[in-house]
Amino acid sequence: MAMLKITDLEVSYGMIQAIRGINFEVEQGEVIALIGANGAGKTTILHTVTGLLKCKAGKIEFEGKDITKLPGHKIVSLGMAHVPEGRRVFADLSVLENLKLGAYTRTDKQEIEDTLKVIYKRFPRLEERKSQMAGTLSGGEQQMLAMGRALMSHPKIILMDEPSMGLSPIFVSEIFDIIKEISASGTTVLVVEQNAKKALSIADRAYVLETGNIVLEGAAKDLLENDSVKKAYLGE
Amino acid sequence: MGILQNILEQFINGLRSGSIYALIALGYTMVYGIAKMINFAHGDIIMVGAYALYVGLSILHLPAILAILLSLVVCTIFGVVIERVAYKPLRSAPPLAVLITAIGVSFLLQSVSLLIFGATPIPQESIVKFAGIKIGGLSISGITVVTLIVTTICMISLTWFIQKTKMGSAMRAVAEDKGAAELMGIDVNKTISLTFAIGSALASIAGILYVCQYQSLKPTLGAMPGIKAFVAAVLGGIGSVPGAMLGGIILGLIESLSKAYISTELSDAIVFGILVLVLLIKPSGLLGKIRKEKV
């Protein structure tokens, strides 16, 4: 059974249909990349999966449970975390407060402290800056905070939306290394990226999205060799 | 009586009315922060609180503490229900629609109160029996002492709640970014309800203190303190909790001192004039922030 299964999903903004009946699956332990140009519908898909948007038709199942109609705030506690596009850290809250909000649905204080230690170990810079307002962090640090915050919920699957957007090349590599680490520690990853090359280099499988349709899917290493992918997304 | 003592007395009077403005301004600023709307019916919640106290004391003959509780509960319910019924369906509507609705709710509350209680002012004895204190030649009335203590407690506990508790940080998160807050597992609707509940409870306390001060009720009693508190919230920087407190106190002080030393008739003009000046120099208010996007 797939961990996350999306069936015939359709999403509209008013009269405009953004997602036109797509199907995809994420197996436990996989790193899945969703690639496509700006406006292809990548963010819309993630927002619909985590309940920020309502779909017009279709079904979203997580670990066999139908979550299509579930409100966003009830999805986190099932084990699904979402690192939104543009990071969206709470700028006026401290780094520590941001992280603690990531664990909002968890109740065991000791377990939360333990997770916090793990996250500080993975992102030492967050510990150094824990009492600083999140808005004062650099873009790359904010991305780390957004990831750390999502990991605070101790998710089974983490959805990441354009984690490399607007970051310097050094940070981009660092962020992708971290995604590999997150995957290695047992968390399933679904990553949406415009940086197709980087995304395909860390993913197991990938889906290519064009104007609301999945036009191509397969093993990431095959897609890296695919001529139309090369032409459209890898700039070769 | 020395001039210094006189100034001190006016100063304390200013603190008293200022701290009531601050209490009301907190409701405006918290609701604005979280729902991005000016709840113009907020002033009328003060009136609801005042009448609820009157009903408890003079009609149901409850002991003062129960009448206070009744007022708190009624206002909290009003605040939450108004948000659910009138504002929640408009959450994605243009701001103008929400503004007009809020003014409509304000009229509705005043009119219903007029229907039930009539237009003739109703006298209501103060529940503060404490006579006041004298420090040297300076006498401070009982209601002033009670007002200062109660509002200080309210402001300290509210600050503690917002800064130190899990619910408080959830409120700040929702105020900043509803979508991201939802992704944390925060129930945004519940958090907004809670904000209206807290704001309305503070308005109820303001209403009770107001009645104890003026000892008379009429359906429009919330309008003037409401609008002054709104000015205080804007002066301090709308959306900012410490700003509302500061704005309220400053407003009360200016009002009291200009009434005493300049002119009673001009005091409101001076108050609003200072608002205009502050907004010209610092449009976001004294403690308000202009948000910058970081890439």
Side-chain angles (χ1 to χ4, degrees), chain A residues 43 46-47 49-53 71-94 96-107 109 112 133-143 146 149-150 152-153 155 158-159 161 165-168, chain B residues 29-30 32-34 36 84 88-89 91-94 159-195 236-244 284-285 287-295:
Chain A
T43 298
L46 291 199
H47 279 199
V49 170
T50 44
L52 289 184
L53 280 174
H73 64 91
K74 291 208 170 131
I75 287 178
V76 197
S77 47
L78 300 177
M80 191 189 295
H82 181 164
V83 184
E85 183 180 7
R87 310 176 274 271
R88 290 169 77 171
V89 296
F90 301 111
D92 291 338
L93 273 65
S94 73
L96 180 60
E97 283 173 328
N98 268 275
L99 290 171
K100 285 202 164 154
L101 279 174
Y104 186 77
T105 54
R106 297 173 68 187
T107 44
K109 285 213 166 95
I112 295 173
M133 293 295 124
T136 64
L137 300 182
S138 75
E141 289 165 344
Q142 288 190 6
Q143 185 61 51
R149 187 179 66 176
M152 282 299 286
S153 67
I158 186 163
L159 279 54
D161 198 345
M165 193 174 67
L167 300 185
S168 68
Chain B
T29 220
M30 285 170 72
Y32 180 83
I34 212 153
K36 301 288 173 276
R84 276 289 151 94
K88 194 181 164 202
R91 215 166 279 165
S92 48
T159 306
W160 172 82
F161 174 80
I162 293 175
Q163 295 298 331
K164 298 289 174 205
T165 67
K166 192 174 167 181
M167 284 305 292
S169 56
M171 269 172 82
R172 285 184 288 147
V174 173
E176 210 174 297
D177 185 337
K178 289 188 184 58
E182 185 96 19
L183 290 179
M184 303 297 109
I186 298 167
D187 187 333
V188 170
N189 285 329
K190 262 196 199 146
T191 311
I192 293 178
S193 290
L194 177 74
T195 308
I238 192 127
S240 157
V241 166
S284 54
L287 300 182
K289 264 191 240 169
I290 301 168
R291 200 172 293 283
K292 272 191 211 147
E293 206 68 35
K294 189 158 213 163
V295 191

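Chain letters run A, B, ... following the sequence lines, proteins first, then strands; residues in each count from 1.
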inquiry  = One pair to check against side chain to side chain contact (heavy atoms under 4.5 Å, CB included): B:Met184 and A:Val76. What are the steps and the verdict?
reply    = CA-CA 7 Å; B:Met184 303 297 109; A:Val76 197; 5.9 Å; no
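One finds the CG atom of A:Asn98 at 13.0 Å from the CZ atom of A:Arg87 (value rounded to the nearest 0.5 Å).
Counting only distance, with no hydrogens or angles, the side chain of B:Thr195 and the backbone of B:Thr191 share a donor-acceptor pair below 3.5 Å.
Heavy-atom contacts from other residues, nucleotides or ligands closer than 6.0 Å to NZ of A:Lys74 number 12 or fewer.
Between A:His73 and A:Thr105 there is no side-chain heavy-atom pair separated by less than 4.5 Å.
The most heavy-atom pairs under 4.5 Å with chain B, out of A:Ile75, A:Leu167, A:Thr50, A:Leu93, come from A:Leu93. Chain A forms the most heavy-atom pairs under 4.5 Å with one residue out of B:Ala175, B:Ala180, B:Ala170, B:Ala181, and that residue is B:Ala180. For the set A:His82, A:Met152, A:Met165, the entry with the most heavy-atom pairs within less than 4.5 Å of chain B is A:His82.
For A:Leu52, the part lying near chain B is the side chain, with the backbone staying farther off; criterion is any non-hydrogen pair under 4.5 Å. Heavy-atom distances place no part of A:Val83 under 4.5 Å from chain B, backbone and side chain included.
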